[in-house]
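This report concerns only the one structure given below.
Keep in mind that this is a model prediction, so the values were computed, not measured. Lettering follows sequence order; numbering is per chain, from 1. Excluded from the calculations below are hydrogen atoms, water molecules and symmetry mates; all remaining heavy atoms, backbone and side chain alike, are included.
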Number of protein chains: 2
Amino acid sequence: MALRHAVLAALLHEELSGYQLAKAFDTGVANFWHALPQQLYAELTRLEADGLVTGREVVQDSRPNKRLFTVTDAGHAELERFAAATAKPSFIRDDLLVKVQAVDHVSADAVIAQLRERLAFAEAKIELFGSLLRTLRGDRDEEEFLRHGDRIGPYLTCLRGLAFEEGNRDWCLRGVAVLEERRAARARG
Amino acid sequence: MALRHAVLAALLHEELSGYQLAKAFDTGVANFWHALPQQLYAELTRLEADGLVTGREVVQDSRPNKRLFTVTDAGHAELERFAAATAKPSFIRDDLLVKVQAVDHVSADAVIAQLRERLAFAEAKIELFGSLLRTLRGDRDEEEFLRHGDRIGPYLTCLRGLAFEEGNRDWCLRGVAVLEERRAARARG
DNA sequence: AATGATTAGTCACTTTCTTGAGTATCATGG
DNA sequence: CCATGATACTCAAGAAAGTGACTAATCATT
């Protein structure tokens, strides 16, 4: 149950509403976890019931009211406990890999199309992570920022996200190249 | 519900028992999906009920009997359908990223320890994937194998697994270096 | 001859995730 | 002035995944 810790981590440096949290976790900028709005609202409710966050109502007149959540001391303690516990290894779990695994037995065209789609997606995320990183480090260069900046956590996770998507991009390119070359070879002979 | 397709993909080129399947999905060699034995046995039961695989009893006298499963025509058709459907983008979901995201607010030592653990794990998997790749391509070099070999699907997914773990390794190294440098700087004053 | 590891598999339960449908208010653009 | 979309959130149901505890045979070791 790391979703709860992901939520705590996200709330560490600023008060957020469920809605804001949902946007951060849903749109591509979810550099360290991914979840849908419904899960987040539910998790916030549980976290509040367990005393790990507190919500305060903010009355707005130009918008619907909202509740902003902050991590309590108990919440910080829980995160500390979580950080010290051994993390389970992260396994890849990806539809696209399943398709590629089966590529020798199913239509290669279908798989090529999927790889192209993923490629485009990866490139978009690379862009996104790139500009997010620039925002996070401001006018400093990376080396300097990582040495002396505060809030390097989000920067590091964003770096991982970037490398992951670059890995996706390169692999998709390779896969498309290989499969098309084989298709061409089959067509020739 | 890609587990069922992952199972189908795994059974494509050889008959396997639930137990053999479980080992493939459990140990690190699960280069394209990960699942526990119980899930696999359950999924095999469902797949057989749906007519996508057939099992045949094999009586052994030096071992408990087992059931070997094969993909049926309906199973192949189902995989074909799956390959053509749009894959959902794969999101990162990793305890360790959550810990790093929170690193500015929790004990850095705990996080460094976790990164070191993951680093060792990643290095072990890199070894494993490396030798698996060598086995898959035999005495050919990679370029040649990918051009003319049969069964390139498992090779390609294994390449992705390798790159993923290399990404983990590099990122862990970077993270440890950054966090330790900062700890040293804080200690100096 | 007992102990533990390996092969082979099952059952029951819980948590987590996903899907789909709603509610309500206000701002913006055509 | 009406449609669209953003803000802000809720409820319910179902699928998928994870956890723990089991049975039962054989093989290797001590």
Side-chain angles (χ1 to χ4, degrees), chain A residues 1-8 11 15-27 30 33-50 53 55-69 82 85-95 98, chain B residues 1-8 15-27 30 32-50 53 55-69 82 85-95 98:
Chain A
M1 58 168 176
L3 172 58
R4 64 175 5 202
H5 301 106
V7 170
L8 288 172
L11 291 176
E15 263 186 335
L16 290 174
S17 67
Y19 188 78
Q20 295 173 292
L21 206 52
K23 285 213 304 188
F25 274 74
D26 191 28
T27 72
W33 201 265
H34 168 256
L36 297 171
Q38 294 93 319
Q39 278 174 273
L40 295 168
Y41 283 113
E43 196 59 54
L44 282 171
T45 305
R46 275 192 293 271
L47 282 167
E48 193 175 27
D50 295 348
V53 306
R56 64 181 185 90
E57 184 89 14
V58 174
V59 180
Q60 304 181 111
D61 32 86
S62 73
R63 298 268 168 220
N65 296 346
K66 61 181 172 183
R67 304 193 64 214
L68 294 179
F69 293 91
F82 172 72
T86 66
K88 47 187 78 164
S90 81
F91 293 106
I92 286 189
R93 208 171 246 190
D94 185 342
D95 279 18
V98 175
Chain B
M1 59 170 176
L3 172 58
R4 62 176 4 200
H5 301 105
V7 170
L8 288 173
E15 264 187 334
L16 290 174
S17 69
Y19 187 77
Q20 294 172 291
L21 206 53
K23 285 213 303 190
F25 274 74
D26 191 29
T27 71
F32 69 106
W33 200 266
H34 168 257
L36 297 172
Q38 295 93 319
Q39 284 174 269
L40 294 169
Y41 283 113
E43 195 59 55
L44 282 170
T45 304
R46 275 192 293 270
L47 282 167
E48 194 176 25
D50 296 348
V53 304
R56 64 182 185 90
E57 185 87 15
V58 173
V59 180
Q60 305 180 112
D61 34 83
S62 74
R63 297 271 169 218
N65 296 346
K66 63 181 172 183
R67 303 194 65 216
L68 294 180
F69 293 91
F82 173 71
T86 66
K88 46 187 79 162
S90 81
F91 294 106
I92 286 188
R93 209 171 246 189
D94 185 343
D95 279 17
V98 175

Quiz item: Taking atom P of C/dG9 as reference, at what distance in whole Å does atom CD of B/Glu48 sit?
Solution: 12 Å
Quiz item: Of the nucleotides C/dT19, C/dC17, C/dT6, which has the atom closest to the A/Leu36 side chain?
Solution: C/dT19
Quiz item: Given atom CH2 of A/Trp33 and atom P of C/dT16, what is their separation to the nearest angstrom?
Solution: 10 Å
Quiz item: Looking at A/Ser62, does any N or O in its side chain come under 4.0 Å of the phosphate oxygens OP1/OP2 on C/dT25?
Solution: no
Quiz item: Starting at the 5' end of DNA chain C and moving along, which residue's nearest nucleotide shows up first, A/Arg63 or A/Ala35?
Solution: A/Ala35
Self-check item: Close side-chain approach of B/Trp33 and A/Phe91, heavy atoms under 4.5 Å
Solution: no
Practice problem: With a 4.0 angstrom cut-off to heavy atoms of chain A, pull out the first and last contacting nucleotide of DNA chain D, in 5'-to-3' order. | Solution: D/dA6 to D/dT19
Practice problem: Decide side-chain contact (heavy atoms from CB on, under 4.5 Å) for A/Arg67 and A/Glu48; before the verdict, give the C-alpha distance in whole Å, the side-chain angles of both, and the deciding distance to 0.1 Å. | Solution: CA-CA 12 Å; A/Arg67 304 193 64 214; A/Glu48 193 175 27; 2.9 Å; yes
Self-check item: Candidate nucleotides C/dG9, C/dT7, C/dA21, ranked by approach to the side chain of A/Gln38 - the nearest
Solution: C/dA21
Quiz item: Do B/Asp95 and A/Phe82 have side chains that get closer than 4.5 Å, going by heavy atoms?
Solution: yes
Quiz item: Any donor-acceptor pair under 3.5 Å linking the side chain of A/Arg4 with the backbone of A/Glu43?
Solution: no
Practice problem: Specify the separation, in whole Å, of atom OH of A/Tyr19 and atom C1' of C/dC26. | Solution: 12 Å
Quiz item: Taking for each residue the nucleotide of DNA chain C bearing the nearest heavy atom, is the 5' side occupied by A/Asp61 or by A/Glu43?
Solution: A/Glu43
Quiz item: Whole Å only: how far is the CZ atom of A/Phe25 from the C1' atom of C/dC17?
Solution: 14 Å
Quiz item: What does A/Arg93 touch in the nucleic acid at a heavy-atom separation under 4.0 angstrom: a base, only the sugar-phosphate, or nothing?
Solution: sugar-phosphate
Practice problem: Starting from the 5' end of DNA chain D, give me the residue, A/Lys88 or A/Phe69, whose nearest nucleotide shows up first. | Solution: A/Phe69
Quiz prompt | Atom pair distance, as rounded to whole Å: CG in B/Leu16 and P in C/dG9 | solution = 11 Å
Quiz item: Under the 3.5 angstrom rule, does the side chain of B/Tyr41 hit a backbone N or O of B/Tyr19 as a donor-acceptor pair?
Solution: yes
Quiz item: Rounding to a whole Å, what distance do you find between A/His34:NE2 and C/dT16:C1'?
Solution: 14 Å
Quiz item: Would you say a side-chain N or O of B/Tyr41 is under 4.0 Å from OP1 or OP2 of C/dG9?
Solution: yes
Exercise. Could you state the atom-to-atom distance from NZ of A/Lys66 to C1' of C/dC26 in whole Å?
Key: 14 Å
